[in-house]
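Right, one structure below, let's go through it.
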Amino acid sequence: MNRIRRALLAALVICIARPRAALAAWNKDAFGAKTAGDALKSLGIGNAAPSKEVTIDAPEIAENGAVVPIEITSNVPGTTALIVVIDNNPFPLIARFDFKENALPFVKVNVKMGETSDVRVIAEAGGKHYVATREVKVTIGGCGG
Amino acid sequence: MKPIALLAALALTGAAQAQDTAKEIQRYRQMIAEGSPVELFEFAGEELWKRPQGPSNVSLEKCDLGRGPGVLKGAYARLPRYFKDADRVMDLETRLLHCMTTLQGRSEKDAAARVFGTADRPAEMESLSAYIAAQSRGMKLDPGVSHPKEKQSIELGRALYFQRAGAWDFSCASCHGEEGKRIRMQDLPVLYKPQFARPVIASWPAYRLSTSGFITLQWRMNDCYRQMRTPEPNFGSDTTVALIHFMTVTARGETYRGPGNKR
Amino acid sequence: MTRPLILAALFAAPALAEPTPADVQKQMQRDFHPRGQATMERLAQDGVQRVCTETRDRPPAQVAKALEADQMKTIAFPEGSLMGDWKRGEAIAQSGRGMTWNDKPGDAAGGSCYNCHQLSPKELSYGTIGPSLQGFGKTRGTSAEVQRYVFGKIYNAKAYNLCSQMPRLGASGTLTPEQIKDLVGLLLDPASPVNQ
Amino acid sequence: MAGPMKMRATLGQGFTEVRVLMTHPMETGQRKDSDGKLVPMHFIQNLTVKLNGKTVVDAQISQAVSRNPVFSFRLKGGAKGDKIEVAWLDNQGDSNSTESAVA
């Protein structure tokens with residue numbers, strides 16, 4: 001009886017919690033932060049150690065800041081999340097990817113850059129943080145096509 | 001924006017670094033090509049190709065792009081060419097317009113009402129171009145060159161390329177006439193010379209990064225004439241087709257690798 | 001069996017003849033429509049455009065001389081100093097607006113100068129169709145003749161080099177004489193960034 | 001009113017590569033339209049990748065991801081026919097998802 005009740009209750013909780021959890025999962029404070037430091041603080045990231053195990057593949061020069069391709073990977077064992085920060089963007093936090101056991105800590109995506117800036121990628125593994133930094137220069141062009 | 005600081009830094013460095021810059025920009029373009037949303041347009045185009053429309057309520061699937069009704073594989077690489085049923089040379093967009101009017105029973109006015117779209121609302125013609133052009137990837141550009149009307153069209157295209165007109169006396173060659181020139185930072189290919197026409201023509205139509213829209217060769221002709229300060233060319237006119245035809249013939253033999261990506 | 005071949009040959013012969021500028025103009029009249037301020041008259045070639053098209057920008061010296069002299073007559077040189085405000089000149093040089101079918105006729109146009117020329121060292125996004133004009137006034141000074149030359153060249157480049165790729169910015173009604181004076185200032189004023 | 005999505009999942013060397021394209025304006029709220037009015041913020045915030053029904057990637061993203069986002073992810077192992085599902089949710093409550101089998 002008790003077990004059934006508990007199971008029902010659990011199901012109910014899941015039903016209610018699920019859509020809300022999906023919405024709440026977007027970290028408003030972190031994404032609304034105006035500096036990289038504040039954004040990382042909101043994500044609970046303090047000191048991140050520079051690491052060669054975190055890699056950022058990005059062009060050194062992007063002709064168009066509206067589309068800057070980046071490819072990020074972590075070879076730190078047990079990486080569970082990758083966080084992307086672009087220091088000079090008005091809202092520096094770009095993305096947080098959480099990986100479950102069947103996913104490799106790898107993402108390729110196009111991002112917007114307002115100006116030349118450092119791109120930082122932080123890997124989370126076993127409660128510790130590791131960081132890689134890479135500068136991408138943004139230029140403009142002529143009249144196009 | 002700090003492009004100025006960047007460019008200053010670039011200007012101060014030597015030739016070796018200028019070469020690195022070119023290499024890096026090349027790498028940027030390569031990465032862009034790998035992660036381009038161009039497939040979204042191909043996908044939307046496929047739906048449009050198969051969607052019944054117009055008074056006849058039929059799809060474009062029976063449209064003959066030169067290789068027989070409904071044959072898409074390699075069709076784009078063989079355009080522009082002469083079509084007997086229309087008795088004229090047509091490029092892809094002109095031919096699509098023809099199919100919209102003949103097969104779907106739409107008026108030309110309706111079918112050509114909105115041929116250039118925006119990022120928010122791509123034009124039918126743009127998505128269809130993406131879908132159809134993609135099915136010529138890996139094939140050699142082989143536009144029609146033997147029919148008298150094809151020869152006529154190529155010659156007209158060549159003459160148009162050098163025709164000075166408009167409020168600013170420009171011809172196509174005013175900007176695209178000499179090697180190694182650029183407008184602002186944009187390189188200007190000399191499109192009557194094969195070595196320059198080949199890579200350019202082989203990547204049109206294309207996704208345009210700066211506007212997030214899809215652009216076609218008819219759009220390119222239109223917007224060049226706008227900047228040349230002439231009146232507006234009619235969509236699918238002999239003039240626009242002849243220019244596209246001339247440049248495609250100049251690029252003949254190149255392997256088609258579009259739809260591409262433009263800045 | 002030979003008949004189609006002969007027919008094809010008959011067709012092919014006239015088709016191969018290269019269309020003349022007049023033929024092309026006729027074709028364009030059929031294939032364009034007016035839009036905004038861009039009227040159909042713009043397709044009609046004047047003598048300069050026709051000669052430059054026919055000769056692929058290499059007109060015989062005699063013809064060039066005569067037509068250049070005609071073009072010189074179109075230039076309305078204002079009285080007094082021709083050197084305007086370089087700051088306004090810089091803005092005009094930067095702007096690429098004006099004369100297209102989607103520019104409003106009354107709005108101020110620009111000279112599109114940076115599209116083709118290097119001018120101020122601060123602007124690194126410049127074109128290379130025309131020569132670099134960086135430091136232009138440094139060696140030439142600001143004498144009345146130099147001012148007159150620069151004003152005239154911008155007003156009607158074809159008066160100095162018949163088949164130049166540069167638009168006739170004054171003669172075409174793109175820029176006002178006041179705007180051209182500001183561009184003269186940009187090129188010649190010792191305080192202009194062009195001469196730093 | 002979500003536009004088309006497209007996904008391809010292919011077996012790579014020791015992993016499955018998932019490439020997904022989405023039609024989305026990713027408006028930053030700072031861009032002005034042709035009338036000079038600010039276009040309201042409109043961007044994808046959450047993205048999930050599921051492998052055979054189980055979430056494997058859970059992403060939160062900002063308006064600084066480029067218009068018409070294209071993502072690539074890599075999943076461990078994987079076999080032909082495995083079901084991949086990608087879904088997104090934006091700040092205006094719009095959502096979309098797509099499904100495909102590993103090829």
Side-chain angles (χ1 to χ4, degrees), chain A residues 34-36 54-74 82 84-92 94-95 97 103-121 132-145, chain B residues 1-10 17-18 20-37 119 175-176 181-189 200 203-217 219-224 226-227 260-263:
Chain A
K34 299 272 170 72
T35 67
V54 181
T55 60
I56 307 172
D57 189 11
E60 254 176 63
I61 299 167
E63 272 180 296
N64 187 331
V67 188
V68 182
I70 57 167
E71 192 177 302
I72 59 177
T73 321
S74 170
L82 286 173
V84 184
V85 169
I86 297 177
D87 287 57
N88 293 351
N89 266 18
F91 299 99
I94 307 304
F97 301 94
L104 294 166
F106 166 95
V107 181
K108 203 159 121 184
V109 64
N110 297 331
V111 298
K112 296 174 200 158
M113 291 182 66
E115 56 182 78
T116 296
S117 172
D118 274 346
V119 175
R120 282 198 276 167
V121 172
T133 306
R134 196 185 161 122
E135 190 189 43
V136 175
K137 296 173 181 130
V138 176
T139 178
I140 44 161
C143 57
Chain B
M1 276 284 186
K2 283 171 191 155
I4 287 173
L6 157 68
L7 290 166
L10 294 180
Q17 290 208 354
D20 285 352
T21 304
K23 236 183 5 205
E24 277 303 317
I25 288 187
Q26 210 45 50
R27 209 165 79 86
Y28 169 75
R29 290 181 184 159
Q30 180 63 36
M31 284 187 86
I32 286 290
E34 287 164 8
S36 161
C175 290
H176 299 274
K181 300 286 181 187
R182 51 172 224 235
I183 189 162
R184 289 276 182 165
M185 292 299 277
Q186 185 74 16
D187 292 328
L188 294 161
V200 173
S203 60
W204 278 88
Y207 182 71
R208 192 182 199 195
L209 300 169
S210 52
T211 55
S212 311
F214 195 81
I215 45 178
T216 65
L217 277 170
W219 173 84
R220 182 66 276 175
M221 298 307 111
N222 181 281
D223 204 57
C224 273
R226 183 182 64 82
Q227 295 181 71
N261 294 277
K262 306 278 171 188
R263 187 192 52 77

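What you are looking at is a predicted structure, and each value in this text was computed from that prediction instead of being measured. Numbered from 1 within each chain, the chains take letters A, B, ... in sequence-line order. Note that these values count all heavy atoms, side chains included, but never hydrogens, waters or copies made by symmetry.
Only the side chain of A:Asn110 comes within less than 4.5 Å of a heavy atom in chain B; its backbone stays farther off.
Of the listed residues (A:Val68, A:Asp57, A:Val109), the greatest number of heavy-atom pairs within a distance under 4.5 Å of chain B belongs to A:Asp57. Contacts with chain B were tallied for A:Glu60, A:Lys108, A:Glu71; A:Glu60 has the most, counting heavy-atom pairs under 4.5 Å.
A distance-only check finds a donor-acceptor pair linking the side chain of A:Asn89 to the backbone of A:Gly114 [under 3.5 Å]. Judged by distance alone, with hydrogens and angles left aside, the side-chain atoms of B:His176 form a donor-acceptor pair with the main-chain N or O of B:Pro189 at under 3.5 Å. Between the side chain of B:Asn261 and the main chain of B:Leu209, no donor-acceptor pair closer than 3.5 Å is present.
Scored by the side-chain contact (heavy atoms from CB on, under 4.5 Å) test, B:Gln26 finds B:Arg29 as partners (sequence neighbours excluded).
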